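If you're wondering where the values come from, they're calculated on a predicted model, not measured in any experiment. Atom set for the values below is all heavy atoms of this structure, side chains included, hydrogens, waters and symmetry mates excluded. So that the names make sense, note that chain A is the first sequence line, chain B the second, and so on, each numbered from 1.
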Amino acid sequence: MEAQNRNLSIYNSLSGEKEVFTPIHGNFVGLYVCGPTVYSNVHLGNCRTFINFDLVYRYLMHLGYKVRYVRNITDAGHLEDDADQGEDKIAKKAKLQQLEPMEIVQQYTVDFHDTLAAFNNLPPNIEPTATGHIIEQIEMIQEIIAKGLAYEVNGSVYFDVEKYNASENYGELSGRKIEDLISGTRELDGQSEKRSPLDFALWKNAAPEHIMKWPSPWGIGFPGWHLECSAMSTKYLGEEFDIHGGGMDLKFPHHECEIAQGHAATGKKPVKYWMHANMLTLNGKKMSKSTGNNLLPGELFSGNNDLLEKAFDPMVVRFFIMQAHYRSTLDFTSEALTAAEKGFKRLMEAVQSLSKLKTSASTSTPITPLINSFYEAMNDDFNAPILVAKLFDAVKLINAINDGKASITQEDLTILSKEINAFVFDILGLKTINDNDDSSLSKVMELVIDMRQTARENKDWTTSDKIRDFLAEAGIQIKDSKEGTNWTKI
RNA sequence: GGUCCUGUGGCCGAGUGGCUAGGCAGAGGUCUGCAAAACCUUGUACGGCGGUUCGAAUCCGUUCGGGACCUCCA
């Protein structure tokens, strides 16, 4: 990609401002995104975040960066809450269902991969698991203890937030002040071990009935909530890397703790650019596993949910997500998705007609400003909705050329076609929907359309309309045009 | 209670101190045997009240509403 297109700005949550993106190591970019906790099916809200970062990954690659994209799988479970004495979620579910913990992990990891593949997300380069990096996590804890910023109590190790804050700034990412945090803390059971309620566990002593546990210098236990991301990002991307992403709800305490841990262990600030994707809302509230206010991708693809008027293709959902900026909340409604579906189809039909356009000796509308506008949109903090708007400008142009109301040279068409295809398929990650992939149905439809055509030529409107109406009842829409008759499933 | 975000036309959703966002729906048109589809045209909206300014929906104050985080959560 040409250098002039490479002036990407990213909104850095750490500074609260858009900053020009400059990788730490020349052409290489390290990208870490917090992955899912695999104790239940991913819901659509989770997917939004991963789709947004898929866009980031894709655009960075389009700009010619060599990206290493790391996204973890949290399979060690997180604490249910402070009151349940450290039982982790995966272990709890395992007991309920009489399954091995890793069986649960496997089931939902597969679901996660299948779902993201349906959304046409590219897999990350490395997808490390928390359980596979216990040793790295123990080593990091030892580093932090050696620096005097963590302490052991009864086989558990806690990070000393106040001590860290004496020389560093705990709260720099989330904008919190430690005094406010202390005053706002509620006194909960099971926190008596901690020197301060703000301290968080790096290692947790495991009760005998706890299923997932590992030996450590402090006894049998399991790693703390936030440590895995620090250990794995350090291992695969280094002590300092470029971009760390995740959902807005992870900003505090998860990412704040990551900064503190990483900084404590290595003496360096781990992340140059923090990116936070906003929530997908349903009924005006964030989707959430714990409150049940969510929608599963499978329900969306099948239409099997009362909130949905019909089923939606994963690509329609992806397009819907691309029509909102990643830092804004996006409200999910069946109506909004239906609107997105129509727009998506219009865009894709225009893109497909690119290859059939007739070229002329001259170009009526210069294409360079249009193409530049694609880059300007994405360079401005990955503004996909602006990009989509500009692509619809291109749709208008394509249709005008198709109608003979505008013209384009072969040379310009080649360039335009290449760029539009790159932005639509490679960057936005959209795919065409194959309605007509059932070959036997296609054959039958060929015959039916041919019979209807014959009837129409004989002005036998009764027969032709009967065919049309019957097909409509069967969910197949007939589309007549000058070039002939097409059909589509409704 | 603390910290922060947000309120845009029927719906979703960008953006900006003065210059059309875009999509969908609606309206009109072209096409068509009639329709549908497709395509073209079309909408001066920015929560209320003050203030700053030549000019604000965009900045400031205030007020009302919505939301996020402060406990696991993308």
Work out how far the [atom1] atom of [N] is from that of [M], and round it to whole angstrom.
N: B:rG50; M: B:rG43; atom1: C1'; answer: 31 Å
N: B:rG10; M: B:rA25; atom1: C1'; answer: 7 Å
N: B:rU20; M: B:rC72; atom1: P; answer: 49 Å
N: B:rG26; M: B:rA36; atom1: P; answer: 11 Å

Legend entry - Polar side chain donor-acceptor pair, A:N278 to A:R48, under 3.5 angstrom: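 Note: A:N278 and A:R48 side chains miss the donor-acceptor criterion.
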
Inset, instruction - Using distance alone, with no hydrogens and no angle criterion, decide if A:S15 and A:E19 have a side-chain donor and acceptor under 3.5 Å apart. - result: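 Result is yes, a qualifying pair exists.
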
Regarding [X] and [Y], does a basic nitrogen lie under 4.0 Å from an acidic carboxylate oxygen?
X: A:K18; Y: A:D380; result: yes
X: A:R195; Y: A:E162; result: no
X: A:R468; Y: A:D465; result: yes
X: A:D460; Y: A:R456; result: no
X: A:R452; Y: A:D480; result: yes

Roughly how many Å is it from [atom1] in [X] to [atom2] in [N], rounded to a whole number?
X: A:F252; N: B:rC5; atom1: CZ; atom2: P; result: 17 Å
X: A:I476; N: B:rA35; atom1: CD1; atom2: P; result: 24 Å
X: A:M275; N: B:rA74; atom1: CE; atom2: P; result: 18 Å
X: A:K18; N: B:rA14; atom1: NZ; atom2: P; result: 12 Å
X: A:L173; N: B:rC69; atom1: CG; atom2: C1'; result: 12 Å
X: A:K479; N: B:rC34; atom1: NZ; atom2: P; result: 21 Å
X: A:L296; N: B:rA74; atom1: CG; atom2: P; result: 13 Å
X: A:K285; N: B:rC69; atom1: NZ; atom2: C1'; result: 15 Å

Inset, instruction - Name the residue closer to the 5' end of RNA chain B, choosing between A:L280 and A:N399 according to the nucleotide with the nearest heavy atom. - result: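 Nearest-nucleotide comparison on RNA chain B picks A:N399.
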
Legend entry - 5' precedence on RNA chain B between A:F332 and A:K177 (nearest-nucleotide basis):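 Counting from the 5' end, the first nearest nucleotide belongs to A:K177.
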
Return the pairing partner of [N] with a 3.5 Å limit on both distances, Watson-Crick or G-U wobble; otherwise return none.
N: B:rC49; result: B:rG61
N: B:rG1; result: B:rC70
N: B:rA38; result: B:rU30

Legend entry - A:Y39 six-ring face occupied by A:K289 cation (under 6.0 Å, within 45°):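 Yes - A:K289 lies over the ring of A:Y39, closer than 6.0 Å to its centre and within 45° of its axis.
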
Is the phosphate of [N], meaning OP1 or OP2, less than 4.0 Å from a side-chain N or O of [X]?
X: A:R346; N: B:rC24; value: yes
X: A:K396; N: B:rG22; value: no
X: A:S174; N: B:rC4; value: no
X: A:T281; N: B:rG67; value: no

Legend entry - Within residues 335-344 of chain A, residues whose heavy atoms come under 4.0 Å of RNA chain B: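 Result for residues 335-344 of chain A: A:E335, A:A336, A:A339, A:K342, A:G343, sorted by number.
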
For a quick check of understanding: with a heavy-atom distance under 4.0 Å over all strands, which category does [X] fall into, base, sugar-phosphate or nothing?
X: A:I478; result: base
X: A:N52; result: nothing
X: A:N383; result: sugar-phosphate
X: A:H276; result: nothing
X: A:K286; result: base
X: A:K390; result: nothing
X: A:G45; result: base
X: A:S288; result: base
X: A:A324; result: sugar-phosphate
X: A:M279; result: base

Legend entry - Face-to-face stacking of A:F392 with B:rG23, centres under 5.5 angstrom, angle under 30°: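 Given the distance and angle limits, no, they do not stack.
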
Inset, instruction - Quick one: sort the A:F320 and A:F332 rings into parallel, tilted or perpendicular, breaks at 30° and 60°. - result: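 Ring orientation of A:F320 relative to A:F332: perpendicular.
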
Inset, instruction - Apply side chain to side chain donor-acceptor pair (under 3.5 Å) to A:N293 and list each qualifying residue two or more places apart in sequence or on a separate chain. - result: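 Result, side chain to side chain donor-acceptor pair (under 3.5 Å) vs A:N293: none returned.
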
Legend entry - Nearest-neighbour nucleotide for the A:T37 side chain, B:rG13, B:rA74, B:rG33 considered: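 Closest nucleotide among those given: B:rA74.
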
Inset, instruction - Decide yes or no, distance alone: a donor-acceptor N/O pair under 3.5 angstrom between the base of B:rG66 and the side-chain of A:N283. - result: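 No pair found.
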
Legend entry - Side-chain donor/acceptor of A:R468 to base of B:rC34, under 3.5 Å: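 Side chain to base: pair present.
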
